[in-house]
Amino acid sequence: MENNEKYFIDFDKLFENYADKYYGAHESEYESPDDFARDLDKIYHEWATSPQDVIGGISPSEFFNRIPTAELIDILKGSCVGDNNPNSLLFDRIATEPELLPDLVALAKTATDEKLLLVLLSLINELGGADDEFYLDMIERDIDACVIEECIEALCDRAESVKEELLNRAQNTDDVGKIESYAEPLTFCEAGDDRILALLRTLLATDPNVAYVAALIGRYGDERACTDLYKLLDDCNYAEFLEIRNAIETLGGTVDNHYRDFSSDPLYQAIKGKK
């Protein structure tokens, strides 16, 4: 039933119309639109489980429940084309079908569209996640940064199991961006590994994003890195100073709040309310 138009009804628009009518009928019960917004989850559930004439007198939930499992992924792909977005009811339906996980993983390995990839990753994680190799391979692909970041987050949750592979990859590249991708999950490993410390020190010396690397070091928690951080305090801007100081304090060190005069720094001026 590929490309069957009945599956690509704009359900979000249907709910928007339903919510508008609901608010018009119950406006006196709400002091403000914000009060109404707090009821949207309840109203959405009421809409999703109520018969709707536009879909043949069944509820939206029942509409999606009746879709054959074998057609769900094609419908998902179609719902991500152009300005379309997959309805949450479609997402929920797919998330109840664990047998679709291998197909979702296979599609994610070849998909390039950011919207589709983000939806696929959410569904894969909802169904228990893919294996380590999937996420490791995904961060090597030339795809949107936000998709890669989602995969990095998944690797952070399984840091110890991918530690050796990440260290191996880091040792075989000079690409600072790649090293960042490998280093972030590694900072969720138990502190004390000399190789991870060396990698973070290398990043600190080569990565222009000093504040980011300082935050990684603080998270990793190896107090030996304090000496490296202290060396940066004399030649950093205020944004970097805040992260470096926070990392040092996280590692057990101390930094005087008045260590340097940042009165001419734009961020410092903005925070302090100065022009």
Side-chain angles (χ1 to χ4, degrees), residues 34 114 117-118 121 135 138-160 162-163 166-167 169-275:
D34 287 340
E114 176 188 358
L117 276 169
L118 287 172
L121 287 171
Y135 297 106
M138 288 291 286
I139 66 173
E140 302 293 348
R141 292 181 58 194
D142 182 18
I143 51 180
D144 296 273
C146 57
V147 177
I148 291 176
E149 188 56 39
E150 287 290 321
C151 294
I152 290 173
E153 287 185 16
L155 291 171
C156 290
D157 292 335
R158 53 183 78 192
E160 291 292 346
V162 296
K163 180 171 80 169
L166 289 172
L167 284 167
R169 295 186 184 201
Q171 291 167 2
N172 288 283
T173 183
D174 294 324
D175 187 320
V176 172
K178 290 291 187 185
I179 296 175
E180 282 187 0
S181 297
Y182 306 143
E184 188 167 342
L186 288 170
T187 61
F188 285 84
C189 294
E190 184 177 353
D193 191 310
D194 292 345
R195 298 168 299 171
I196 296 177
L197 178 61
L199 178 63
L200 293 172
R201 282 174 164 164
T202 298
L203 264 184
L204 199 60
T206 58
D207 195 329
N209 195 348
V210 174
Y212 170 74
V213 181
L216 291 182
I217 289 173
R219 180 196 294 147
Y220 184 52
D222 193 322
E223 61 186 23
R224 292 177 292 174
C226 257
T227 56
D228 304 87
L229 294 170
Y230 275 121
K231 294 175 184 177
L232 300 176
L233 289 172
D234 292 333
D235 188 26
C236 64
N237 59 41
Y238 190 61
E240 294 168 341
F241 174 80
L242 293 176
E243 285 293 352
I244 294 168
R245 183 184 65 187
N246 183 61
I248 289 173
E249 291 176 347
T250 299
L251 297 176
T254 58
V255 179
D256 192 322
N257 286 337
H258 305 290
Y259 182 87
R260 280 177 54 200
D261 179 12
F262 287 101
S263 58
S264 62
D265 187 286
L267 177 63
Y268 181 88
Q269 293 174 353
I271 291 175
K272 300 300 181 181
K274 299 179 180 179
K275 296 183 179 180

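Checking side-chain atoms of Glu180 against main-chain N and O of Leu203 turns up no donor-acceptor pair under 3.5 Å. Panel note: side chain Glu240, backbone Asn237; a donor-acceptor pair is recorded below 3.5 Å. Proximity of a side-chain donor or acceptor of Lys178 to a complementary backbone N or O of Ile139 within less than 3.5 Å is detected. Listed for the Asp228 side chain is no donor-acceptor partner under 3.5 Å among the backbone atoms of Arg201. The closest donor-acceptor contact from the side chain of Tyr220 to the backbone of Glu184 lies at 3.5 Å or more, if one exists at all.
The distance from atom CG of Leu121 to atom CD of Glu150, rounded to the nearest 0.5 Å, is 6.5 Å. Here the CG-CZ distance, from Leu155 to Phe188, works out to 11.0 Å after rounding to the nearest 0.5 Å. Note: Ile143 CD1 to Glu140 CD = 10.5 Å, rounded to the nearest 0.5 Å. Taking CG of Leu204 as the reference point, atom CG of Asn209 lies at 11.0 Å (rounded to 0.5 Å). Between Glu249 atom CD and Cys226 atom SG the span is 10.0 Å, to the nearest 0.5 Å. Here the CD1 atom belonging to Ile248 is positioned 13.0 Å from the CD atom belonging to Glu223, to the nearest 0.5 angstrom.
Within a 6.0 Å sphere centred on CD of Glu160, heavy atoms belonging to other residues, nucleotides or ligands number more than 12. Enclosure of atom CG in Asp256 by more than 12 non-hydrogen atoms of other residues, nucleotides or ligands within 6.0 angstrom is indicated.
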- Can Tyr135 and Arg158 be said to form a side-chain contact (heavy atoms from CB on, under 4.5 Å), step by step? CA-CA 10 Å; Tyr135 297 106; Arg158 53 183 78 192; 3.5 Å; yes

- List the steps and the verdict of side-chain contact (heavy atoms from CB on, under 4.5 Å) for Cys236 and Arg260. CA-CA 10 Å; Cys236 64; Arg260 280 177 54 200; 3.6 Å; yes

- Just do the side-chain contact (heavy atoms from CB on, under 4.5 Å) check on Asp234 and Tyr259 with the steps written out, would you? CA-CA 9 Å; Asp234 292 333; Tyr259 182 87; 2.8 Å; yes

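With Asp222 as the partner, the side-chain contact (heavy atoms from CB on, under 4.5 Å) test is satisfied by one option alone out of Asp193, Ile196, Leu197, Leu251: Leu197. Considering Ile217, Leu200, Leu199 in turn, Leu200 is the only one that fulfils the side-chain contact (heavy atoms from CB on, under 4.5 Å) rule with Thr187.
Contact between Leu229 and Ala247 at its shortest, heavy atoms only, is CD1-CB, 3.8 Å. The shortest heavy-atom contact between Pro185 and Ala159 is O-CB, 3.2 Å. For Leu267 against Asp265, the heavy-atom pair with the smallest separation is N-OD1, 2.9 Å. Taking every heavy atom of both residues into account, Cys146 and Glu114 meet most closely at SG-OE2, 2.7 Å. Closest approach of Gly218 to Thr250, counting heavy atoms only: O-CG2, 3.4 Å. The minimum heavy-atom distance between Asp175 and Thr173, with the atom names listed, is N-OG1, 3.0 Å.
The shortest distance between side-chain heavy atoms of Lys163 and Leu186 falls below 4.5 Å.
The aromatic rings of Tyr238 and Tyr268 lie perpendicular to each other, with more than 60° between the two planes, well past the 30° mark.
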